[in-house]
Amino acid sequence: MKDLPKAFEAKNYEEKIGKRWEESGFFNPDVCVKAGVTEKDASYFSIVLPPPNVTGTLHMGHAAMLAIEDIMVRYHRMKGDRTLWIPGTDHAAIATESKVESILIKEKKMAKPKQEMGREAFLNEVRKFAKESHDTIVNQCKKMGASLDWSREAFTLDDQRNRAVRAVFKKMFDDGLIYRGFRVINWSVKGQSTCSDDELVYVERPGKLYYFKYSKDFPITIATTRPETKLGDTAVAVHPDDKRYKQFIGKTYDLEFVGEKIKVKIIADDGIDMNYGTGALGVTPAHSAVDFAMYEKQKAAGNPIDLIQVIGEDGKMTHRAGAYSDLEVEKARAVILENLRVHKLLEKEEDIIQNIGTSDRFNDIVEPLPKLQWFIDVNKKFKLKESKIKGVKSGASVTLKELMQKVVNSKQITIIPNQFEKTYFHWIDNLRPWNISRQIWYGHQVPVWYRKEEIYCGINAPEGEGWVQDKDTLDTWFSSGLWTFSTLGWPDENGDLENFHPTSVLETGHDILFFWVARMILMTTYTLGCIPFETVYLHGLVRDEQGRKMSKSLGNVINPLDMIEKFGTDATRLSLVLGSTPGIDLKLSEEKIAGFRNFTNKLWNISRFMLINIEKPSEDIKMPAPKTDADAWILEKMQNVIKDVTAQIENYNYSMAGEILRDFTWGELADWYLEIAKIEGGKSLVLNYLLNTVLKLWHPFMPFVTETIWEEVYESDALLMVEKWPKVGRKKFDSAVQFEIIKNVVTAIRSWRSENKIDAVKLLSAVIVPEKNQKLVIENAGIIEKLARLEKLVITEKMENHNGKKVFLAAGMEIAVDFEGVVDKGKETKRLKDEIDSVTKYITGLEAKLSNADFVSRAPAVVVEKEKAKLLEVKDKLLKFEAQLKSLN
RNA sequence: GGGCAAUUAGCUCAGUUGGUUAGAGCGUUACAUUGACAUUGUAAAGGUCAGAGGUUCAACUCCUCUAUUGCCCACCA
């Protein structure tokens, strides 16, 4: 028998265990089948890892994700499913490119790296950086114990994924869902690229609202926060019912505004708020998404207005701004305001708080301007050729938006926690065309080629001379939207797609529900006509102990690798899973992780103790027959734990599953059963069985310590990782209750002793009276004596009426205890009788009411039905109570 | 402005169709300690379940309002 160290030092074992897992090849379900660990006809379970961005290292949020998914995966693997967890990374286009750009600026002292280096050289730098990040990420995933099938690893920007991207793009292009349009988009001057609406971060900041007139001869005062854009005004919109302005609607004015000639038409639009500002809106179609919408509305109605772009992509005024051209926007604003003041056209300045859109990635204020871009139309009907979606027939005409709504509405996809379904629908309702092209270099290039007036969209470049490919790249979410099927080989066929798709669960943070989850639903329902996953499990974000976001600037970042080094991977994993609720942010502190480190050590020591007390530990052991009351008690508890833990895991309640296990392991197994085992002595098969089962149940949660113990105890090469998940055996043993009683007697004695500060209590009697007229004789009274010895209890005097509850009598006399934990029959009977009384009274009343012809005829049918339903319900309850009462006696 | 949620012990949170005496971890206090484990054990203290109404035989649980907090969305110029 081995002599194990007193404390579990995680870092002495983790690397070795990790290697054993990897070398076994069992992370790959095909290997499991070949080795006979998994049955050939087993059901499939698959998850894709939300690919981390190759912008750096993993943080606690990633660690939480890996921990939860690994629990799912290890559980299903042990359960016998063909379990696949696919790893991968995301090229994260803009994020990675701008990160590398800023590194080059900082370290190589370049002013404009992209211009200085050129496309290929710059991209090489980005690829180098991405490769390094990727390697770090892979290493970190392995450290977390994540049982990912690395043989299937994918990258959103590799060749295989590129083919998937081109194929989907072309399909959408051919269906007319992808189009090139000239629209107002969000432009980042700093990043020299567009951003999609979802990528904007709104920031509140104080601003000024200026009330002014274009010129003296213009009748309407308008308000604006951005006077410089007013050079691009081509209309003034008022509410059609606004009496102040009704007379002007339809008129066109040729004006001189701060020295420049502009032409403004007065139009009516019922979207105008009469009470805000002056009730009149200067319409700038080129520099406001709202105004652009009005521009299109006017065009559609046959009353077109002009569109004049006065701000350029460089953030300066364009030649259309006349004398103001080439001025920076801010400067132009100052000059124009000064001009208005001089000519007494500025009527009022008002301080306001404005909500301003900024680009998250580039960290600058977004400039709305018109540009030719690629869009996905979510509202256009197309024919879904082959549909496996419930409620949508093959060949049906649908929109992408409808598909996205349908699959969640009809519960083909379940979102946990389900309040996020509401958020999801709300978002879809407001969904607008998705701008998918970016003017950056790192990413999938748009698979469209131009030759003079010709346009070609295809998977490969067209034949012939003179074709030039579109320089734009695709939004990173376009490629990650294909993730569930592009990782399984699509558009090729290798069997994986057929076996593992739709995937079983998608587990990710609730912050990317729209960015990613919704887009995967869009892309998959469109491309394959099926759902990408059956269940979406959203975890909360990991925050610091005060609930703040972890950020470098706050200095409150807890690095997973540091915690792993300090407390071990298992402790780190547990701290992220236990005490967390799906969708709700988790507050994490080092103390919490330390607490779980203590638990891993406890489990280690429980095993050490058992090791000493098990004759010949066997890996393969069935539930043995109990020899003592304590055996019966713990075996019964163990069965319930197997049942409950399994059920909780199946219900995605990992926190609850872990808590049940911890309470059992620490509270019942260690604190009670092992203490008794010390007294009763003897080597026991029950111990063997308990250790075996507990290790299996804990393995998905804390794989390293359990695998280590497994190896040390059984001294074999067999991996716990692929052992079979425990099954519930016999659940009832009569003598279990005997031990439950003993346990409660002991607890009561301890409490009494502690309160009365009495060290020595002599306990000789083993007769217990739970109720006045009923004596319960504990059959193996020896245990009580042994326990008494253990507790150093010697009853030396008569004790009664303590707290009005507990009465201990001296040697040879009866002991009466108000049993807590064990059902107090007297009280419970009374309670149930009271319940039955009150419910019966209610039933009688209801029945009288329902048999009253007057009520039945007068009351609305709905009410009568409701009352009837309620009657049935209450009668059910009554039966339940009566059954409980019966089982009690 | 619209939507979604939260409010339970000093702190972090459970509480699954309304039905036992509302639970756990941490922290606090007292005691214990050669023994599998001080990364320990035993016990105790601590809650008018945010507030006010309502529905019900019965409310932490359902409804309404109020207060506070958080998140998401949105074009108020």
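The shown structure was predicted, so the numbers you read here are calculated from the model rather than taken from an experiment.
- Within 4.0 Å of A:Glu835, counting heavy atoms only, lies at least one base atom of the nucleic acid.
- A salt bridge does not link A:Glu835 to A:Lys877: none of the charged side-chain nitrogens sits closer than 4.0 Å to a carboxylate oxygen.
- Across the protein-nucleic acid pair, A:Phe599 atom CZ and B:G25 atom C1' stand 12 Å apart, rounded to whole Å.
- Across all strands shown, B:G46 forms no Watson-Crick or G-U wobble pair with both key distances under 3.5 Å.
- Of the candidate nucleotides B:C75, B:C73, B:G41, B:G41 has the atom lying nearest to any side-chain atom of A:Asp671.
- Comparing B:C73, B:U40, B:G18 against the side chain of A:Lys870 picks out B:G18 as the nearest.
- For B:A32, the paired base is B:U40 (Watson-Crick or G-U wobble, both distances below 3.5 Å).
- Contact detail for A:Phe8 and A:Asn601: the closest heavy-atom pair is N-OD1, 2.9 Å.
- As judged by a 4.0 angstrom heavy-atom cut-off over every strand, A:Asn430 is placed among residues touching the sugar-phosphate backbone only.
- Between B:A77 and A:Tyr211, no contact under 4.0 Å exists linking OP1 or OP2 to a side-chain N or O.
- Distances from the side chain of A:Leu281 to the nucleotides B:A14, B:A77, B:G19 place B:A77 closest.
- Taking every side-chain heavy atom of A:Met656 into account, B:A14 is the closest of B:C37, B:A14, B:U39.
- At the heavy-atom level, A:Ile272 lies under 4.0 Å from base atoms of the strands shown.
- Rounded to an integer number of Å, the gap from CG of A:Asn355 to C1' of B:C75 is 11 Å.
- Side-chain N/O atoms of A:Lys587 include one lying less than 4.0 angstrom from OP1 or OP2 on B:C13.
- Sequence order on RNA chain B of the closest nucleotides to A:Asn605 and A:Phe420 puts A:Phe420 first from the 5' end.
- For B:U16, there is no paired base (Watson-Crick or G-U wobble, both distances below 3.5 Å).
- If you take atom P in B:A59 and the same atom in B:G51, they sit 15 Å apart, rounded to whole Å.
- Judged purely by distance below 3.5 Å, without hydrogens or angles, the side chains of A:His239 and A:Asp273 never pair a donor atom with an acceptor atom.
- Comparing the C1' positions of B:U48 and B:C60 gives a spacing of 12 Å, expressed to the nearest Å.
- Between the side chains of A:Thr284 and A:Asp233, at least one donor N or O sits under 3.5 Å from an acceptor N or O.
- In this entry the distance linking OH of A:Tyr652 with P of B:U16 reads 20 Å, nearest Å.
- In this structure, A:Asn601 atom CG and B:C37 atom P are separated by 10 Å, rounded to whole Å.
- Using a 4.0 Å heavy-atom cutoff across all strands shown, A:Phe514 reaches sugar-phosphate atoms only and no base atom.
- A:Glu350 and A:Tyr211 share a donor-acceptor pair across their side chains, judged by distance under 3.5 Å alone.
- Comparing B:A36, B:C4, B:A77 against the side chain of A:Thr423 picks out B:C4 as the nearest.
- Pair assignment for B:U64: B:A52, on the basis of Watson-Crick or G-U wobble contacts that are both within less than 3.5 Å.
- Nucleotides B:G46 and B:A24, compared at atom C1', are 14 Å apart to the nearest Å.
- A:Glu675 and A:Lys678 are joined by a salt bridge, as a carboxylate oxygen and a charged side-chain nitrogen come within less than 4.0 angstrom of each other.
- Between B:U34 and B:G41, the distance separating the two C1' atoms is 15 Å to the nearest Å.
- If you measure from atom CD1 of A:Ile415 to atom P of B:A5, you get 13 Å, rounded to the nearest angstrom.
- At the heavy-atom level, A:Ala7 lies under 4.0 Å from base atoms of the strands shown.
- Side chains of A:Glu847 and A:Thr844: a donor-acceptor N/O pair is absent below 3.5 angstrom, by distance only.
- Of the side-chain N and O atoms in A:Arg432, one or more sit less than 4.0 angstrom from OP1 or OP2 of B:C75.
- Between A:Asp585 atom CG and B:C72 atom P the separation is 9 Å, expressed in whole Å.
- Taking only distance into account, the side chain of A:Lys422 never meets the base of B:C4 through a donor-acceptor pair shorter than 3.5 Å.
- Comparing B:C57 with B:U42, their P atoms are spaced 46 Å from each other, to the whole Å.
- Between A:Lys592 and B:C11 there is no side-chain N or O to OP1 or OP2 distance below 4.0 Å.
- The side chain of A:Lys877 places no N or O atom within less than 4.0 Å of a non-bridging phosphate oxygen (OP1 or OP2) of B:G19.
- Nucleotide B:C75 holds its P atom 18 Å from the NE2 atom of A:His287, rounded to whole Å.
- Heavy atoms of A:Thr581 sit under 4.0 angstrom from primed sugar atoms or phosphate atoms, though from no base atom.
- The side chain of A:Trp666 contributes an N or O atom lying less than 4.0 Å from OP1 or OP2 of B:G41.
- In this structure, A:Arg662 reaches the sugar-phosphate backbone alone: every heavy-atom distance under 4.0 Å involves primed, P, OP1 or OP2 atoms, never a base.
- Using a 4.0 Å heavy-atom criterion, one finds that A:Glu873 contacts no nucleic acid atom at all.
- Across all strands shown, B:G70 forms a Watson-Crick or G-U wobble pair, both distances under 3.5 Å, with B:C4.
- Looking at heavy-atom distances under 4.0 Å, A:Ala670 makes contact with a base.
- Here A:Asn598 reaches the OP1 or OP2 of B:U40: one of its side-chain N or O atoms lies under 4.0 Å away.
- Rounded to whole Å, the separation between the P atoms of B:G15 and B:A9 comes to 15 Å.
- The distance between the ring centers of A:Tyr295 and A:Phe292 falls below 6.0 angstrom.
- Between A:Phe514 and A:Trp427, the ring-plane angle classifies as parallel under the 30° and 60° cut-offs.
- Across the P atoms, B:U16 and B:U8 are found 16 Å apart, a figure rounded to whole Å.
- Considering only the side chain of A:Val839, B:G19 comes nearest among B:G19, B:C73, B:U39.
- Across all strands shown, B:C26 forms a Watson-Crick or G-U wobble pair, both distances under 3.5 Å, with B:G10.
- Distances shown here put every side-chain N or O of A:Ser288 at or beyond 4.0 Å from the OP1 or OP2 atom of B:A77.
- In this structure, a donor-acceptor pair under 3.5 Å is absent between the side chains of A:Glu712 and A:Thr708.
- Rounded to whole Å, atom C1' of B:G1 lies 14 Å from atom OH of A:Tyr202.
- Here the separation of B:A52 from B:C11, taken at their C1' atoms, is 28 Å to the nearest Å.
- Nearer the 5' end of RNA chain B, as judged by each residue's closest nucleotide, is the contact made by A:Phe8, out of A:Gly279 and A:Phe8.
- Nearest to the side chain of A:Leu674, among B:G3, B:A77, B:A36, sits B:A36.
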